[in-house]
Amino acid sequence: MYDYRLLTDEEIAILEENGCKAENWTTVNVADDFSPAYIRNVSFYGTVNLGVFEKNIEAGNGFMKHSGVNNATLRNVTVGDNCLIENIGCHVNNYEIGEECYIGNTAIIETTAEATFGEGDTIAVLNEAGCGNVTLFRGLTANIAALMITRSDDKEFSAALRAVIRDDVNQRLKDTGTIGDRVRIVNTTEITNTNIADNCEVNGACRLSGCTLAAEPEDSVYIGSGVICENSIIADGSSVINSAKVFNCYVGEASQLTNGFTAESSLFFANTYMANGEACAAFCGPFSASHHKSSLLIGCMTSFYNAGSATNFSNHAYKMGPVHYGTLERGTKTASGSHTLLPATIGAFSMCMGKIADHPDTHCLPFSYVIGDGRETVLVPGKNIATVGLYRDISKWPRRDVRMASAKKSLINYDWLSPFTVSGIMEGRKELGRLLDSQGGDAAFYDFNGCKISTRSLRRGLRLYAMAVELFIGEVLMSHEFGDKCAASGAGEWCDLSGLLLPAAEEERIVEKIKYGIIGSVGELADIFNAYNDMYGEYLWTFTVSLMKEYLGKDELTEDDFTTMREQGKTARAAWIDEIRRDAEKEFSMGDVDRATLDKFLAQLDLGS
């Protein structure tokens, strides 16, 4: 920060000759090497601090102009070195502007009293008419937001976490707005109570009000033409463009809202893409996508998910054709927090984990297809375990993470078979067994909460679930030996905090530490999440040992059991690959892909890529 000096009488005379005027020239301060030559037609009010204007900066693509201030009104503003500010329709009021910024053809940039810049407000997610459950702030991640939501009924915890966040926000709040270094703001109507980080660009927006554009220097935010954004945070490489409208939202980590998409009281994390449609009270976790004007995401929680069109939650029973956004890998949740089967929609399918909303005491059947024709709904359990689409998804998601390293704040576990999903598979396997026992082994169809399951589908589902469990155990055993020590935690129930997988007991410990002030800052919470993510392998091993005991029906395991499960794991993998190969060949036989596409996929399949 400069030690500013007062203007000299000679400099004041030059400024006045250049068409400038001041409410009081003694409150206009400048850097030692300041030159008034590039300040023209500027009105100064309140305290104004000016740096030096020595360089040319890029005003357009390849178009260089000398830095300076032209045709503007400044009130209580600090302007850093080598900025170009020109053609301000109304004024710039109460702002600190960094170095080498270009601000042109903009009507108003202003900070008013008690501005919070979109931080600290609590919004209602998953329940558009309910009480607020997620507090917006620039350090929000999918994992923190998921914890807020899953524990929102715990008032003591919620109050403690909000106090931690409030302390974090208060450290940043100032009476003036901030525009960082190398920021571009052009052809924009209104920027009010908005903080803008280094290297961000606002081009053609209608209004930014009560917002924070928060980004690392190498991972800037872009706001495009026609955008209206109010009381929201846009962070880390994200963009809001093409007349999108955003109210009371968090948009972070390389997410994009575009083409007139409208969002209210919603969250968007980690590579999410939203276009044309609408979201209200939605939690869109990693890799959520919606492309269609008819899509409304309301009161739902998604990740690894493509909304599709209308009630068709995914247009993705795709196989080897063009790569799209993927299927519902972790599932959707309703406002109540229960996972749901999809509506009776032709071709729709679900891989939901958890429980059916209308039947909270009954577990879902994960990785299943749900097919309806308006008269009845058919459930095909476990179908998606052995499809080309799933196989491609497994490898493509890590490659599609376009976040910069500095922006990977939401932790994402890409294991498709994990303690979280395998627990659901085990419950699905038990549920199918209960159907056989209660409805007999020779029934033509089995009733599962209003859905019909054919005998063939039920028995194949049992086989696919067993194959998946054995495949999971076999893969874990590849890096472990009999007698390897287990961690104290990991057996039993697991949680998915929107990408962060951890034992439910460890989530409970986090909650208790926040309640009792052991975790007292946002940084400490982020550190403990990272620590749990780093310990995933240890917890995974403990879970696997417990799972083997349950699967084999034993209280203690022997070395022979380890050998047996390794061999069964190899057999399961071979069977899984064979199922996927048949699925690919079936698609070819239907004429959906050509021979070259099939051969290329089968070659990759044989290589295990």
Side-chain angles (χ1 to χ4, degrees), residues 1-111 176-191 194-204 217 220:
M1 183 64 68
Y2 276 115
D3 291 327
Y4 292 102
R5 63 173 176 81
L6 294 175
L7 289 163
T8 66
D9 290 341
E10 181 182 359
E11 289 168 335
I12 292 173
I14 294 173
L15 288 170
E16 289 180 335
E17 186 177 339
N18 288 346
C20 300
K21 60 182 180 180
E23 184 180 44
N24 184 346
W25 285 114
T26 64
T27 61
V28 179
N29 309 297
V30 297
D32 281 341
D33 296 329
F34 169 80
S35 170
Y38 297 99
I39 311 297
R40 296 180 178 275
N41 300 320
V42 179
S43 297
F44 300 100
Y45 293 83
T47 299
V48 177
N49 303 312
L50 302 175
V52 298
F53 303 96
E54 303 171 324
K55 295 170 56 176
N56 290 340
I57 68 169
E58 190 171 36
N61 187 18
F63 177 27
M64 306 299 292
K65 298 176 72 173
H66 200 283
S67 57
V69 185
N70 307 303
N71 305 320
T73 298
L74 307 181
R75 179 181 181 273
N76 295 336
V77 174
T78 294
V79 180
D81 291 345
N82 298 305
C83 290
L84 175 57
I85 301 174
E86 59 182 2
N87 303 325
I88 304 300
C90 188
H91 56 250
V92 180
N93 181 28
N94 289 332
Y95 260 90
E96 296 180 5
I97 301 171
E99 299 181 356
E100 299 184 24
C101 296
Y102 176 52
I103 303 174
N105 300 321
T106 295
I108 186 170
I109 302 175
E110 181 170 39
T111 299
T176 58
T178 301
I179 294 173
D181 297 337
R182 299 171 299 280
V183 169
R184 287 178 54 84
I185 303 172
V186 295
N187 303 323
T188 292
T189 305
E190 176 189 344
I191 295 179
T194 296
N195 281 336
I196 303 176
D198 295 348
N199 301 310
C200 295
E201 181 170 351
V202 182
N203 192 332
S220 59

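Because the structure is predicted, anything quoted here is derived from the model rather than measured.
Between Arg5 and Ala31, the shortest heavy-atom distance links the atoms NE-O, 3.5 Å. Shortest non-hydrogen contact noted between Val183 and Ala197 is CG2-O, 3.2 Å. Pairing each heavy atom of Ser67 with each of Cys83, the nearest pair is CB-O, 3.2 Å. Minimum interatomic distance between Ile85 and Ile88 (heavy atoms only, all atoms of both residues): CG2-CG1, 3.9 Å. Gly180 and Cys101 get closest at one heavy-atom pair: O-SG, 2.9 Å. Smallest separation of non-hydrogen atoms from Ser43 and Lys21: OG-CE, 3.1 Å.
Checking side-chain atoms of Asn94 against main-chain N and O of Glu110 turns up no donor-acceptor pair under 3.5 Å. In this structure, Asp198 contributes its side chain and Asp181 its backbone to a donor-acceptor pair below 3.5 Å. Not a single donor-acceptor pair under 3.5 Å links the side chain of Asn18 to the backbone N or O of Cys20. With hydrogens and angles ignored, the 3.5 Å screen pairs no side-chain donor or acceptor of Thr178 with any backbone N or O of Asn195. Judged purely by atom type and a 3.5 angstrom limit, Glu86 has no side-chain atom pairing as donor or acceptor with the backbone of Asn70. The backbone N or O of Gly177 sits less than 3.5 Å from a side-chain atom of Thr111, completing a donor-acceptor pair. Counting only distance, with no hydrogens or angles, the side chain of Thr194 and the backbone of Ile191 share no donor-acceptor pair below 3.5 Å.
Once rounded to the nearest 0.5 Å, the distance linking CG of Asn49 with OH of Tyr4 reads 5.0 Å. The CG atom of Asp81 sits 4.5 Å away from the CD atom of Glu99 when rounded to the nearest 0.5 Å. Between the OG1 atom in Thr176 and the CG atom in Asn76 there is a gap of 9.0 Å [rounded to 0.5 Å]. Taking CD1 of Ile185 as the reference point, atom OG1 of Thr106 lies at 6.5 Å (rounded to 0.5 Å). Glu190 contributes atom CD, which lies 10.5 Å from atom CD1 of Ile109 (distance to the nearest 0.5 angstrom). For the atom pair CG (Asn29) and CG (Leu6), the distance works out to 5.5 Å, reported to the nearest 0.5 Å.
Ring planes of Phe34 and Phe53: perpendicular class, angle over 60° (limits at 30 and 60°).
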Step-by-step side chain to side chain contact (heavy atoms under 4.5 Å, CB included) determination, Asn82 to Glu54: CA-CA 6 Å; Asn82 298 305; Glu54 303 171 324; 3.7 Å; yes
Intermediate values then yes/no, side chain to side chain contact (heavy atoms under 4.5 Å, CB included), Arg184 and Val202: CA-CA 6 Å; Arg184 287 178 54 84; Val202 182; over 6 Å; no
Audit row: Val30, Leu7, side chain to side chain contact (heavy atoms under 4.5 Å, CB included) steps and yes/no: CA-CA 7 Å; Val30 297; Leu7 289 163; 3.5 Å; yes
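A side-chain contact (heavy atoms from CB on, under 4.5 Å) with Val69 holds for exactly one of Val92, Ile103, Ile39; it is Ile39.
The closest side-chain heavy-atom distance from Ile108 to His91 is below 4.5 Å.
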